[in-house]
Amino acid sequence: MSDATAGNLSQAAAEARRDDAAQTGPMLAADGRPLKQSLNRALRAQKLRALALIAPLLIFLLVTFVAPILDMLFRSVENQIVSETLPRTVIALEDWDAQDLPSEDTYAALAYDLHAAVERRIHTRLGSRLNYEETGLSSIFRRSGRGIDDIGEGYAEQFIALDPAWEEPATWISLMADPDWIEEQAAWAATETEMREPAFRLAAGIDDMLPETADAYRSFALTLQAEARNPDSPTTEEPWNTVFLALYRDLSAGAEVGATDGPEIARAEVMRLQEAAAAVSGFTPVDLRARFADIDDGWAEMPIWSTIQTFSDPYTAGYFLAAVDLQLTPGGIEQVEDNQRIYMLLFQRTMVLSLTIMGLCVILGYPIAYLLSNLPLRTSNMLLILVLLPFWTSLLVRTSAWKVLLQQEGVINDLLVWVGLVADDARLAMINNQVGTVVAMTHILLPFMILPLYSVMKTIPPSYMRAAKSLGATNWTAFRRVYFPQSVPGIGAGCILVFILSIGYYITPEIVGGRTGIFISNRIAFHISDSLNWGLAAALGSILLALVLVLYWLYDRIVGIDNVKLG
């Protein structure tokens, strides 16, 4: 058959297939759907069933593993307490040059913020937070909480002396509240309901006429209503003294209290405001800076203001800087004092001692695992029980036992003196230092090295060593070139287990490590349970996590994570 004839036949066959496909359409499944669509539907259903099967485990991992880590990372940079507790002060300090003490406006903003924080009982939390950055600020905020009610008291007395109606809550409600809110509040008060009072709303335009007063009064009203256990109503409570301070500042600044386009307030209130506006020029002014200094001298010094300004952002790198012995100051990042540099030393010590413990575990665990894997099964099982025995004993008991054994008057020193290796007056110091930490943790973590090694060595056929020897290799050469390379996956698995467990241990170093044998984990535990500096603890934990990931990456690049086997 010629090529031209064959080509014509192929073309005719292709045209025939196209005509057939055009007449019959796509291939259909048994349910009448196109085969491709039916196949995709079946595969999608299989994927959904598989996802449903692993969903409980996936949710468990997200809740118990991923979520805590994400929360830790967030806490290491979160700093919203400053801006949320002192919002007006933070804004007032935005343009402060940190050369002189802030202006009276800033002190007034602090008075409004601090009074609300004291009523909400959160000023001590703020003091504790700032005390992490500047020692002594916690006590300043506590003392200020006790004296904040005195700020503005002088103006309150002068307004009330001018017109006793300023002392009445009804006067302020008539002046400040939205008429609709007044009706809603009256309807709410008329009914015996367990629902909370309607949230206070300002009258339209009052914040334009009296901006500071409206802001201070709204803070007062909403704080009263937000009281968790015994909420009060602004209709029954006299405003804070800081509200009178705000009214004095607004009227002194020339507020147009008689403007025709201002808020619709009662004629009596307008006249009262006009009377007060005319009288404030004769009031005895209050030096806010001096009043705060009377409460605590710290408010007349620069450090507290610099600290508030520096840590006013909702997110901060201050915790991470503190975790590496640096600090954030108005002038930039600086190193902390020499006597305060502890975290870098602890990180270095944690890494060095963890690697030392890991190395000792390899040296001690390898021959034990080799022996277990080459003994008869009955004997090796009995010895394996001895290896597992520490798992059945409390960690605290094992650590306490080492505390007894390693003392200068302990069993080991007595034995060394008895055999004559050390003199009685030169007993070894093996406890409350790094030696105690290394010895105790090596013993505790040794099973985590032996078990992966044993499970890998058990799978190495003895015939390989016999074959190597039959080919002329010595025992050492056969071990080095045949047996050892096959046991490397077990070494890798054991090293990862021991090292990661070592850097996170804190009970054993705390008991036997003393001052020089503790790890960074001990400081993390201290900040979580004692100092309550969770931000710094989270930053230290995040750095530790990053170090582990970097080492894991290096291990993968050098050894290969595929070589890690547990059996």
Side-chain angles (χ1 to χ4, degrees), residues 81 84-89 92 102 104-128 130 137-173 175-176 200 210 212-252 276 280 283-300 304-305 308:
I81 187 172
E84 290 179 352
T85 308
L86 303 177
R88 304 174 186 84
T89 310
E104 283 284 298
D105 293 342
T106 305
Y107 278 95
L110 175 66
Y112 306 144
D113 289 336
L114 198 55
H115 206 148
V118 171
E119 295 296 331
R120 293 160 56 196
R121 298 180 181 84
I122 59 174
H123 65 294
T124 53
R125 289 172 48 201
L126 175 63
S128 299
L130 294 178
L137 298 194
S138 178
S139 58
I140 292 178
F141 274 89
R142 280 201 303 272
R143 282 193 287 270
S144 301
R146 293 191 291 269
I148 189 61
D149 199 45
D150 297 338
I151 304 295
E153 184 180 13
Y155 291 124
E157 292 174 349
Q158 295 179 77
F159 274 108
I160 294 170
L162 178 67
D163 186 345
W166 284 114
E167 194 175 13
E168 300 297 329
T171 301
W172 288 94
I173 290 295
L175 178 65
M176 292 289 168
F200 176 80
L210 301 171
E212 285 195 31
T213 310
D215 183 42
Y217 189 82
R218 178 172 53 191
S219 176
F220 153 76
L222 294 178
T223 302
L224 286 182
Q225 293 180 324
E227 184 69 28
R229 294 184 178 179
N230 300 306
D232 290 321
S233 172
T235 60
T236 59
E237 294 292 325
E238 180 185 352
W240 301 332
N241 290 332
T242 48
V243 178
F244 291 94
L245 166 66
L247 180 60
Y248 170 81
R249 288 173 54 83
D250 277 334
L251 296 179
S252 299
V280 291
F283 281 13
T284 301
V286 176
D287 187 342
L288 294 179
R289 184 180 302 172
R291 292 295 301 122
F292 270 100
D294 289 341
I295 297 174
D296 193 290
D297 293 339
W299 291 113
I304 189 170
W305 295 104
I308 294 175

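Hydrogens, waters and symmetry mates are skipped; everything else that's a heavy atom, side chains included, is used. Given the structure is predicted, the values throughout are model-derived calculations rather than measurements.
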Engineer: Show every salt bridge (Lys or Arg N to Asp or Glu O under 4.0 Å) that has at least one partner inside residues 107-125, sequence neighbours left out.
Structural biologist: Arg88-Asp113, Arg121-Glu227
Engineer: Please enumerate all residues that pass salt bridge (charged side-chain N to carboxylate O under 4.0 Å, His left out) together with Asp294, with sequence neighbours excluded.
Structural biologist: Arg291
Engineer: Sequence neighbours excluded, which residues qualify as side-chain hydrogen bond (donor to acceptor under 3.5 Å, both in side chains) partners of Asp163?
Structural biologist: Arg272
Engineer: Once side-chain hydrogen bond (donor to acceptor under 3.5 Å, both in side chains) is applied, do any residues pair with Arg218, and if so which ones, sequence neighbours excluded?
Structural biologist: none
Engineer: List the residues meeting salt bridge (charged side-chain N to carboxylate O under 4.0 Å, His left out) with Asp105, not counting sequence neighbours, and say none if there are none.
Structural biologist: Arg249
Engineer: Not counting sequence neighbours, which residues clear ring pair (Phe, Tyr, Trp, His ring centres under 6.0 Å) with Phe220? List them please.
Structural biologist: Tyr217, Trp240
Engineer: In chain order, what residues pass the side-chain hydrogen bond (donor to acceptor under 3.5 Å, both in side chains) check against Asn241, with sequence neighbours excluded?
Structural biologist: none
Engineer: Using the test side-chain hydrogen bond (donor to acceptor under 3.5 Å, both in side chains), find all partners of Thr235 that sit at least two apart in sequence or belong to another chain.
Structural biologist: Ser233
Engineer: For Tyr107, what residues pass the ring pair (Phe, Tyr, Trp, His ring centres under 6.0 Å) criterion, not counting sequence neighbours?
Structural biologist: Phe292, Trp305
Engineer: Can you name the residues that form a side chain to side chain contact (heavy atoms under 4.5 Å, CB included) with Glu84, not counting sequence neighbours?
Structural biologist: Gln80
Engineer: Under the rule for side chain to side chain contact (heavy atoms under 4.5 Å, CB included), what residues qualify as partners of Val118, not counting sequence neighbours?
Structural biologist: Leu114, His123, Ile148
Engineer: Tell me every residue that passes ring pair (Phe, Tyr, Trp, His ring centres under 6.0 Å) with Tyr112, counting only those two or more places apart in sequence or in another chain.
Structural biologist: none
